[in-house]
Amino acid sequence: MISMSLALIWLGVIAFIVIMYVILDGFTLGIGLLFPWIQDSEDRNTMISTVLPIWDGNETWLVFAGAALYAGFPHAFGALMTVLYLPLMILLVGLLLRGVSFEFMHKATPSTVHIWEKCFFMGSCMAVIAQGIFVSNYVQGFLLNSSTGQIEAHHWLTGFNLFCVVALLIGYTLLGSARLIKKTSGALQEKLFQISGKLQWFLLIALVCLGIFSPLHNEALKLWFILHGSLFMYLFVLIVIFLMSLHVYAIKKRLETIPFVALIGIFIIAYIGFGLNNLPYIVPYQLTFMQAKADDSALKLMLCGVVVLLPVLLFYTAYAYRIFGGKVDASKKISY
Amino acid sequence: MTLLTPLFLSRLQFAVTMSTHIIFPAFSIGLLSFLAFMEGAWLKTKNPVYYQIIRFWTKVFALTFGMGVVSGIVMEFQLGTNWAGFSERIGSVLGPLFIYEVMTAFFVEAGFVGILIFGWDRVGPKLHYAATIMVTLGTLVSAYWILSANSWMQHPIAYAMADDKYVATDWLAIMFNPFNLPRYLHMVLAAWLSTSFVIISISAYYLYRNKYIDFAKKCLRFAVVAVMILIPIQIFIGDTVGVNVYKEQPIKTAAIEGIWDTAKGAPTLLFAIPSNKYQKNFFEIGSIPHGSAILNTHTYDGELIGLKTVPPDDQPEVWMVFFAFRIMAALGTFMLGYAVLATWMLAKNKLYTCKPMLYASQFLAPIGFIALFTGWITAEVGRQPWAVYGLIRTAEAVSNVSMHSVLVGFVLIFVVYAVIFGGFYFYFLDKTIKKGPADFDSDVDAIQPFGFLGANANKGETK
């Protein structure tokens with residue numbers, strides 16, 4: 001019983017870490033995804049400035065997520081990383097290209113800075129595409145190859161895979177735009193409002209499709225939605241509709257904070273909706289969390305640390321955010 | 001071992017990514033400790049040259065730190081992608097060490113590094129200094145955790161087996177493995193020494209050209225004194241590490257010394273070409289009698305067990321370990337010699353003006369890093385064929401992934417690493433050095449050392 005509680009709590013910790021990563025790096029990656037729409041170098045410089053002091057911290061949540069999975073459910077870590085080998089390589093290389101572009105953009109001459117802007121865009125794209133593939137595979141679940149005994153993924157080129165990738169691209173772009181709206185002003189902010197205004201309809205379509213197609217690809221969702229008609233699921237749908245409407249309204253009225261909050265809400269709801277229903281599987285449908293979990297003494301040791309250190313690190317992270325709070329002045333280029 | 005197997009490629013990939021990655025955190029550790037000293041000096045003396053030093057070296061640091069972060073993520077996930085066999089079996093032991101590293105070090109670094117680099121005009125000088133200290137501490141704590149994980153791989157203790165997996169039986173013993181402390185100190189000093197030689201090299205570059213003279217003099221003096229203090233300590237700690245290796249990993253010691261047959265009072269070989277295939281050395285040159293015995297056992301007639309006491313399958317690639325160690329030791333000796341010479345010249349007030357010395361010193365930038373790299377080759381290749389010494393073989397640790405996947409991943413990583421780290425990192429580093437600390441030249445600073453922070457932040461270099 002204690003074993004299961006420890007493992008469940010740690011699963012909750014991982015869930016928290018992952019959603020933190022998705023939101024924080026979501027809006028950071030979203031900046032790169034916006035580059036095709038915003039070509040002006042000054043504007044791009046301003047956009048980058050909104051995350052320069054915090055992007056490393058945002059990416060650290062991914063490091064935390066990986067470590068937490070590795071330490072808490074080593075068997076699942078091994079299984080997931082190998083079965084998603086190539087998407088993971090794409091993620092790592094994408095993050096690498098995105099990360100170095102921050103530094104190189106800053107140091108490049110005006111005539112060569114466009115190389116690193118393209119690199120920033122490409123790296124962000126690669127990272128988001130990879131994450132879309134993870135999501136889609138996690139929703140669909142994995143297969144067991146009866147002859148080799150190996151866990152395998154569904155074929156990579158399926159409609160659902162493509163769909164998840166596109167949905168995540170749109171979602172992160174909107175998240176990026178929403179945060180930028182908070183941090184910018186003037187002509188750039190207006191451009192962003194317009195982009196969000198157009199893109200949000202695609203997110204709406206994506207969410208509707210997600211609602212329709214996911215239960216077809218996921219056993220648990222099928223159970224909730226189609227067979228049981230669970231009240232919870234309908235509640236989720238209502239909340240998403242409400243949040244989406246809030247976003248549309250806020251963009252129309254040029255409100256600065258609500259789009260970001262609404263999108264965070266949508267991401268959290270979608271995340272809970274997809275994440276929770278796979279229990280007790282941590283590698284759906286091959287490995288349960290009890291099968292994959294680490295030894296109890298390891299879990300206890302880590303939970304002790306997390307209980308103390310997580311609030312502390314949240315505090316000074318928030319403090320650092322506050323130091324760099326407020327609008328980014330387009331005329332004052334951030335430098336060191 | 002044939003080349004195109006997932007095992008070989010995974011090992012090669014790990015070697016490439018690990019060797020690249022280690023440079024950046026090591027350089028970051030050194031730069032941060034240097035910045036901590038310099039910023040303290042600036043706050044105390046208000047001498048504007050110190051401000052110039054901090055702002056310039058922060059640029060070098062910022063470029064380096066980002067590289068370390070992105071290459072570090074690759075290391076973490078590689079444990080899952082390519083070494084799932086390893087991760088699944090020792091996850092319960094090493095996992096918590098990584099979690100603590102993330103929580104007590106990575107987040108600390110990440111949380112405060114933004115203030116350090118970008119916060120000049122956002123926070124007061126004391127808070128900025130606190131941020132510098134926090135990031136510095138973060139890197140030092142980070143090194144401890146990762147070394148403790150590696151030390152467990154070298155010298156596994158306090159474990160039990162449950163099914164096929166390893167579990168810890170005494171966490172304090174694992175976290176404070178006595179095998180670890182000398183290795184940790186050896187690594188930190190290596191980081192400090194490597195960085196010092198970069199500082200020496202760049203300072204010499206400026207002094208040789210009569211540029212940024214005050215700036216370069218202060219940096220050079222600090223680095224030379226640092227090396228003079230650190231290298232004797234490093235050699236002593238290195239000896240301690242060596243003796244520990246002799247006690248716990250005698251086959252690795254045999255590989256380091258190129259000793260195939262057990263021998264009392266074994267000699268030190270200056271040069272040889274060890275052959276795993278023929279289980280002997282060719283072209284042994286320069287033998288110092290009783291050398292290995294003295295170095296490893298601190299006794300004249302100490303016994304070193306030979307490589308041939310274990311089957312060839314249990315032996316590491318001896319030539320790699322043998323030469324890597326010699327290169328590291330030779331560089332360490334060179335550093336000591338250089339330190340003595342440079343310190344003497346400094347004391348005689350000749351260092352800043354001796355053109356030959358300055359000219360030669362320009363080329364010293366990589367020597368610390370080469371020593372660091374070869375030291376790690378000694379440690380890690382010397383541990384082979386074990387991933388966890390005596391318990392899990394590297395061959396068992398590899399993931400069950402298709403050759404196609406591993407090959408594609410490897411090519412992608414190799415190309416990107418070569419271009420970005422091998423190429424552009426050095427290109428931009430070179431650019432930063434050539435530009436120099438010009439933007440932070442200061443007569444104004446002498447008058448109002450803190451108030452001008454806001455003004456200078458805009459005046460500073462943008463593109």
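The basis for the numbers below is simple: all heavy atoms, side chains too, and nothing from hydrogens, waters or symmetry mates. Each chain gets a letter, A, B and so on, in the order the sequences are listed, and its residues count up from 1.
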As an exercise: rank [options] by heavy-atom pairs under 4.5 Å with chain A and give me the winner.
| options | result |
| --- | --- |
| B:L116, B:T81, B:L97, B:I73 | B:T81 |
| B:V113, B:V93, B:I420 | B:I420 |
| B:G409, B:A168, B:P96, B:G85 | B:P96 |
| B:L412, B:V74, B:I99, B:V167 | B:I99 |
| B:S399, B:G66, B:S87 | B:S87 |
| B:S405, B:S402, B:G95, B:A131 | B:S405 |

Q.
Before you tell me yes or no, could you show the steps for B:F424 and A:W116 under ring-ring contact (aromatic ring centres under 6.0 Å, His included), namely the whole-Å CA-CA distance, both residues' side-chain angles and the distance that decides it to 0.1 Å?
A. CA-CA 11 Å; B:F424 283 107; A:W116 301 109; 4.7 Å; yes
Give, as side chain, backbone, both or neither, the part of [X] having an atom under 4.5 angstrom from any heavy atom of chain B.
| X | answer |
| --- | --- |
| A:L301 | both |
| A:Y319 | side chain |
| A:V63 | both |
| A:V306 | both |

Q. Nearest heavy-atom pair of B:A84 and A:G78: which atoms, and what distance?
A. CB-CA, 3.7 Å
Validation row: [X], [Y] side chains within 4.5 angstrom (heavy atoms):
| X | Y | value |
| --- | --- | --- |
| A:Y316 | B:V108 | yes |
| A:M81 | B:F77 | yes |
| B:V70 | A:E59 | yes |
| A:T109 | B:K431 | yes |
| A:T82 | B:N400 | no |
| A:M89 | B:V408 | no |
| A:I323 | B:I115 | yes |

Q) Can you check side-chain contact (heavy atoms from CB on, under 4.5 Å) on A:L96 and B:F421, steps first, answer last? A) CA-CA 10 Å; A:L96 197 155; B:F421 297 129; 3.9 Å; yes
Flag the one option from [options] with the top tally of heavy-atom pairs under 4.5 Å to chain B.
| options | value |
| --- | --- |
| A:L92, A:I54, A:V83 | A:L92 |
| A:L80, A:N58, A:L62, A:T317 | A:L62 |
| A:T60, A:L91, A:L88 | A:T60 |
| A:W61, A:F104, A:Y321, A:F77 | A:F104 |

**Q.** B:F65 and A:D56: CA distance, side-chain angles, deciding distance, side-chain contact (heavy atoms from CB on, under 4.5 Å) verdict
**A.** CA-CA 10 Å; B:F65 189 73; A:D56 179 24; 3.0 Å; yes
Q. At what distance, to the nearest 0.5 angstrom, does NE2 of A:H75 lie from CZ of B:R89?
A.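 Separation between the atoms: 12.0 Å.
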Does any backbone or side-chain atom of [X] lie under 4.5 Å from a heavy atom of chain A? Answer side chain, backbone, both or neither.
| X | answer |
| --- | --- |
| B:A62 | both |
| B:M67 | side chain |
| B:Y427 | neither |
| B:M175 | side chain |
| B:T432 | side chain |
| B:V401 | side chain |

Q) Does the B:Y100 side chain pair with the main chain of A:G305, one donor and one acceptor, at a distance under 3.5 Å? A)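 The answer is yes, because a donor-acceptor pair under 3.5 Å joins these two groups.
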Q) Should the heavy atoms of other residues, nucleotides or ligands under 6.0 Å from CE of A:M4 be counted, would the total exceed 12? A) no
Q) Can you tell me if NE2 on B:H404 sees more than 12 non-hydrogen neighbours from other groups inside 6.0 Å? A) no
Q.
Can you tell me how the ring of B:F118 sits relative to the ring of A:F324, calling it parallel under 30°, perpendicular over 60° and tilted otherwise?
A.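 Geometry flag for A:F324 against B:F118: perpendicular rings.
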Q: Return yes if a side-chain donor-acceptor contact under 3.5 Å exists between B:Y166 and A:D295, otherwise no.
A: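 There is no such pair (donor and acceptor under 3.5 Å, judged by atom type) between the side chains of B:Y166 and A:D295.
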Q. Run the ring-ring contact (aromatic ring centres under 6.0 Å, His included) check on A:F64 and B:F107 step by step: do they pass?
A. CA-CA 9 Å; A:F64 200 8; B:F107 271 110; 5.5 Å; yes
